[in-house]
Amino acid sequence: MTRPKLGDAGDLEKTEDLVPMAEGSFAEAKESYAIATYSKRFGVGRQAIINDDLSAFDSIPALLGTAARRLVSKLFYDLLISASGVGPTMAEDSLAIFATTHTSGANYTAGTGAPDVTGLAVALKLLRRQKGFASAGETAPILNIQPAFLLVPAALEVAARQAVESIGDPSKSNSITVNPFSSMLSVITEPRLDDATNGGTAWYVVATPASIAGAEVAFLNGQEAPTTFRVEGTNVLGVEMAVVSDVGVKFVEHRGWYRCRGA
């Protein structure tokens, strides 16, 4: 799959009467990735089927379907925490998703910030000041990206909820100072992050996909549901069950994502 990416339009320029309009251009880039096939099969012997008084084997197709649905999340988080946590390289500027040197502006802090009001303020500023993708000669617009989610490992869930669900600033000794993030961010906890590089300390602030692209998932022929098989044994007595899913995941934009490495 090749995902074309068209840059942002430059600012409009003042045009005097009877003067030709200024000519603009769009920057272009593309992100490429492939769909792969993932599968699993299980064999159930005839005697096991006969002795299955509790009909446990009847639940195997449902369990296979659950595993297939879980695959998409696994592929996404494996991609997010790859390259020691900074993520895969983006074709637009040949930098990792999380970098301090993006032309659009830094979206990564390598310091020891915690997911508190002070640390979230850094994330908010960097996302707000992200610049668009512009061609040479054009001025990249400031995107003013609004964050929506605080993504944390299980190790930081309590600290994250205290940081964004308190009406008052948790770092203050009074209830007068308003917590600016109490109505802005929703916490998402993902235990897969705990085993990654800096897994117990790294956290993310993310914009909603409705406002700016992030990662996308592709399925073969658009078929999101996995394909299941049940084959009666021939060489051996029993039943063989299998599930197959054809899927691919790729980040197509980095501007809506921020990562703090933590302590």
Side-chain angles (χ1 to χ4, degrees), residues 3 5-8 27 29-33 72-111 113-116 119-134 140-153 156-157 160 163-164 181 184-194 196-218 248-262:
R3 173 73 151 76
K5 181 178 180 180
L6 192 63
D8 297 285
K30 62 181 180 179
E31 300 289 342
S32 299
Y33 64 108
V72 176
S73 292
K74 180 182 184 302
L75 292 176
F76 167 74
Y77 283 106
D78 285 349
L79 189 65
L80 178 67
I81 63 179
S82 62
S84 298
V86 295
T89 300
M90 305 296 293
E92 177 187 325
D93 55 11
S94 299
L95 294 174
I97 292 174
F98 303 107
T100 60
T101 54
H102 282 301
T103 304
S104 63
N107 67 340
Y108 175 55
T109 302
D116 54 18
L120 291 172
V122 174
L124 177 62
K125 183 184 74 171
L126 292 181
L127 286 179
R128 292 285 197 195
R129 292 191 54 78
Q130 284 290 309
K131 296 180 179 179
F133 181 35
I142 296 177
L143 300 179
N144 192 21
I145 296 172
Q146 167 78 31
F149 305 105
L150 174 57
L151 172 63
V152 296
L156 294 178
E157 179 176 8
V164 304
F181 299 101
M184 180 184 296
L185 301 177
S186 299
V187 175
I188 299 176
T189 304
E190 178 46 62
R192 291 182 180 91
L193 299 176
D194 290 73
T197 304
N198 306 115
T201 59
W203 49 275
Y204 308 79
V205 175
V206 189
T208 173
S211 63
I212 187 168
E216 69 177 26
V217 182
V249 180
K250 181 72 170 69
F251 267 92
V252 296
E253 179 60 81
H254 65 271
R255 291 170 174 82
W257 280 77
Y258 164 85
R259 178 181 190 256
C260 178
R261 187 180 64 188

Under the side chain to side chain contact (heavy atoms under 4.5 Å, CB included) rule, what do Lys250 and Ser32 come out as? Steps first, then yes or no, please. CA-CA 8 Å; Lys250 181 72 170 69; Ser32 299; over 6 Å; no

Evaluate side chain to side chain contact (heavy atoms under 4.5 Å, CB included) for Phe251 paired with Leu80, printing each intermediate quantity in order. CA-CA 8 Å; Phe251 267 92; Leu80 178 67; 3.9 Å; yes

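Checking side-chain atoms of Glu157 against main-chain N and O of Ile188 turns up no donor-acceptor pair under 3.5 Å. Using a distance-only test at 3.5 Å, with no hydrogens or angles considered, no donor-acceptor pair links the side chain of Asn107 to the main chain of Thr100. Gln130 places a side-chain N or O within donor-acceptor distance of the main-chain N or O of Gly105, the cut-off being under 3.5 Å. Of the possible donor and acceptor atoms, one in the side chain of Trp203 sits under 3.5 Å from a partner among the backbone N and O of Gly113.
Judged by distance alone, the side chains of Asp93 and His102 do bring a donor and an acceptor atom under 3.5 Å apart. Arg261 and Asn198 are not linked by any side-chain donor-acceptor pair at a separation below 3.5 angstrom, with hydrogens and angles left out of the test.
Partners of Ala140 according to the side chain to side chain contact (heavy atoms under 4.5 Å, CB included) rule, which considers only residues two or more places apart in sequence or in another chain, are Lys131, Ala134.
Between Arg3 and Glu31 there is no salt bridge, since none of the side-chain N atoms of the basic residue sits less than 4.0 Å from a carboxylate O of the acidic one.
Judged as a side chain to side chain donor-acceptor pair (under 3.5 Å), the pairs with a partner in residues 75-92 (not counting sequence neighbours) are, in order, Lys5-Glu92, Lys74-Asp78, Glu92-Arg255.
Atoms OG1 and CG, on Thr109 and Leu126 in that order, are 5.5 Å from each other to the nearest 0.5 Å.
Ring planes of Trp257 and Tyr204: perpendicular class, angle over 60° (limits at 30 and 60°).
The environment of Arg128 atom CZ is dense: over 12 non-hydrogen atoms of other residues, nucleotides or ligands sit within 6.0 angstrom.
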